[in-house]
> 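For reference, the structure I am asking about is given below.
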Amino acid sequence: MANDDHLRCISLCNDCSEICLECIKFEQRGSEFSEQIMKLCADICNACADECEKFSDEHDHCRECAEACRRCAEACMAY
């Protein structure tokens, strides 16, 4: 089981994956709210990256997650 220090990280990773899936759905159907959901996605991805970076020295998967989240946030902001 994860220690308390990792619980926020795990929660943000879940939030990040969920909002990314929602972005895809909004974009695929041409929603008028795509821009707003992309902005929210970027905010969540950056928060996830910030948290994962705290553990990147201990865990390669946290470093990889942080890097992927930063790329996703950049893509969402370019929308």
Side-chain angles (χ1 to χ4, degrees):
M1 183 172 162
N3 64 35
D4 288 344
D5 291 340
H6 289 90
L7 293 179
R8 182 165 192 265
C9 187
I10 293 166
S11 179
L12 284 169
C13 285
N14 286 328
D15 288 349
C16 190
S17 66
E18 291 292 327
I19 195 71
C20 288
L21 290 172
E22 289 304 312
C23 281
I24 292 167
K25 294 175 191 175
F26 274 67
E27 185 59 24
Q28 283 179 335
R29 68 174 178 261
S31 173
E32 65 185 276
F33 297 102
S34 289
E35 187 175 340
Q36 289 96 327
I37 199 91
M38 295 280 185
K39 169 68 171 100
L40 178 60
C41 184
D43 291 345
I44 293 171
C45 285
N46 280 321
C48 184
D50 289 344
E51 193 67 21
C52 283
E53 285 171 349
K54 293 177 184 177
F55 305 103
S56 62
D57 290 340
E58 298 173 47
H59 306 288
D60 286 340
H61 64 272
C62 288
R63 179 187 44 78
E64 292 168 6
C65 183
E67 291 169 0
C69 287
R70 295 283 184 220
R71 287 191 306 272
C72 184
E74 287 175 18
C76 286
M77 292 307 295
Y79 178 78

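Atoms considered below: every heavy atom in the structure, side chains included; atoms not considered: hydrogens, waters and symmetry mates.
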> Taking side chain to side chain donor-acceptor pair (under 3.5 Å) as the definition, give me every residue that meets it alongside D43, ordered by chain and number, with sequence neighbours left out.
K39

> Could you tell me the separation between the SG atom of C65 and the CD atom of E51, rounded to the nearest 0.5 Å?
11.0 Å

> Looking at residues at least two apart in the chain, or sitting in another chain, which of them share a salt bridge (charged side-chain N to carboxylate O under 4.0 Å, His left out) with E67?
R63

> Pick from C16, C69, C13: which one makes a side-chain contact (heavy atoms from CB on, under 4.5 Å) with C52?
C13

> State which residues pass side chain to side chain contact (heavy atoms under 4.5 Å, CB included) with H61; sequence neighbours excluded, sorted by chain then number.
H59

> For residues 18-26, tabulate all N or O donor-acceptor pairs below 3.5 Å that involve a side-chain atom, not counting sequence neighbours.
unit_1, atom_1, unit_2, atom_2, d
E22, OE2, K25, NZ, 3.2

> List in chain and number order the residues that pass side chain to side chain contact (heavy atoms under 4.5 Å, CB included) with D15, two or more places apart in sequence or in another chain; answer none if no residue qualifies.
S11, L12, I44

> If you round to the nearest 0.5 Å, how far is SG of C76 from CD of E35?
11.5 Å

> What are the two closest non-hydrogen atoms of C41 and C72, and how far apart are they?
SG-SG, 4.2 Å

> Does any pair with a residue in residues 69-79 pass salt bridge (Lys or Arg N to Asp or Glu O under 4.0 Å), and if so which ones, sequence neighbours excluded?
D50-R70, E53-R70

